[in-house]
Amino acid sequence: MDARRRACLEAMGIRRWVLREDEAPALAVPGADSAPSPSPVAPESPAPPDPAGAGLIETMDWDELRAEVLACRRCGLAETRTQAVFGVGDPCADLLVIGEAPGADEDRLGEPFVGRAGRLLTAMLYAIGLAREQVYIANILKCRPPGNRDPRAEESLRCRSFLLRQIALVEPRLILAVGRVSAQNLLSTDAPVGRLRGRVHSLPDAGAPVVVTYHPAYLLRSPEQKARAWEDLQQVYRLLRGGKA
Ligand code: URA
């Protein structure tokens, strides 16, 4: 296990079991005798320092961030969601996949990309040799917009610090933005996916390289675009292997 992965797991409070040299078999748990990580500290003022609360969020660890997201009531979607959908996968993944927002299945099950589009996304990743568990999957919005309407600008803004913190914690080598809403929000543009795909972008807030492809739900409706999505995935594969885009 490399140092980055170890640090990442330890930061998440995941214990590693190792054999001690002087007693066998025995357990040494790094940090086991230290106090548990503190729960999120309530801000002194009820109002966050900015509309997205970024100042508080950007210091959170995974547990704190998850708790904050699951309890979030920053926008009206809290009234209509079943539950917030945080994210799933390897917290140290090389590839971070970012979609739009939970749909009905995700809202019910609490995990991103578990419906029909999610099954296609899983197959797309598998086609470049990546199991779903090897990547991290998150969305622009953590809560389902009613009727699966597009996220509103205000909702994306209020959710943005959560996603930025997820990006900072994962430290991916590459981000794959799936679909128009994801790409446009991440790259602060209104260009269509067709113009954004095929090159490597840089994320304004985090500096991570970003590749754009079609949303799997769109591919289910427009299978003739699957060949282009396959080109995008091959680009992802090359970039992750350290090759040229
Ligand atoms: N579509 C998305 O963009 N995200 C999900 O989690 C599910 C469907």
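Numbers for residues simply follow the sequence, beginning at 1. Indexing begins at 1, ligand by ligand and atom by atom, following the structure's order. The analysis underlying the following values was restricted to heavy atoms, covering all of them including side chains, and did not include hydrogens, waters or symmetry mates. The model shown is predicted, which means the values in this text are computed figures rather than measured ones.
- With distances taken over non-hydrogen atoms, the option nearest atom 5 (C) of ligand 1 out of Gly103, Ala101, Gly118 is Ala101.
- Between Arg74 and Glu155 there is no salt bridge, since no side-chain N of the basic residue sits under 4.0 Å from a carboxylate O of the acidic one.
- Under a 4.0 Å criterion applied to the non-hydrogen atoms of Pro112, ligand 1 contributes the atoms 6 (O).
- A salt bridge links Asp105 with Arg108: the closest approach of a Lys/Arg side-chain nitrogen to an acidic carboxylate oxygen falls below 4.0 angstrom.
- On a distance-only criterion, Pro102 and ligand 1 share no N/O pair closer than 3.5 Å.
- Distance check, rounded to the nearest 0.5 Å: CD of Glu111 to CD of Gln83 gives 10.5 Å.
- Pro112 and Arg132 make their closest contact through O-NH2, 2.7 Å (heavy atoms, listed as atom of the first residue, atom of the second, distance).
- With Glu100 contributing its side chain and Asp150 its backbone, the two residues share no donor-acceptor pair below 3.5 Å.
- Of all the heavy atoms of Glu100, the ones lying under 4.0 Å from any atom of ligand 1 are found in both the backbone and the side chain.
- Gln184 places a side-chain N or O within donor-acceptor distance of the main-chain N or O of Asp190, the cut-off being under 3.5 Å.
- If you look at Ala117 next to ligand 1, there are no close heavy atoms at all, none under 4.0 Å.
- Atoms of ligand 1 lying under 4.0 Å from any heavy atom of Gly99, numbered from 1 in the order shown and given with element: 3 (O).
- Remark: minimum distance from atom 4 (N) of ligand 1 to any protein heavy atom is reached at Asn139 OD1, 2.8 Å.
- Distance from atom 1 (N) of ligand 1 to its nearest protein heavy atom, with residue and atom name: His215 NE2, 3.2 Å.
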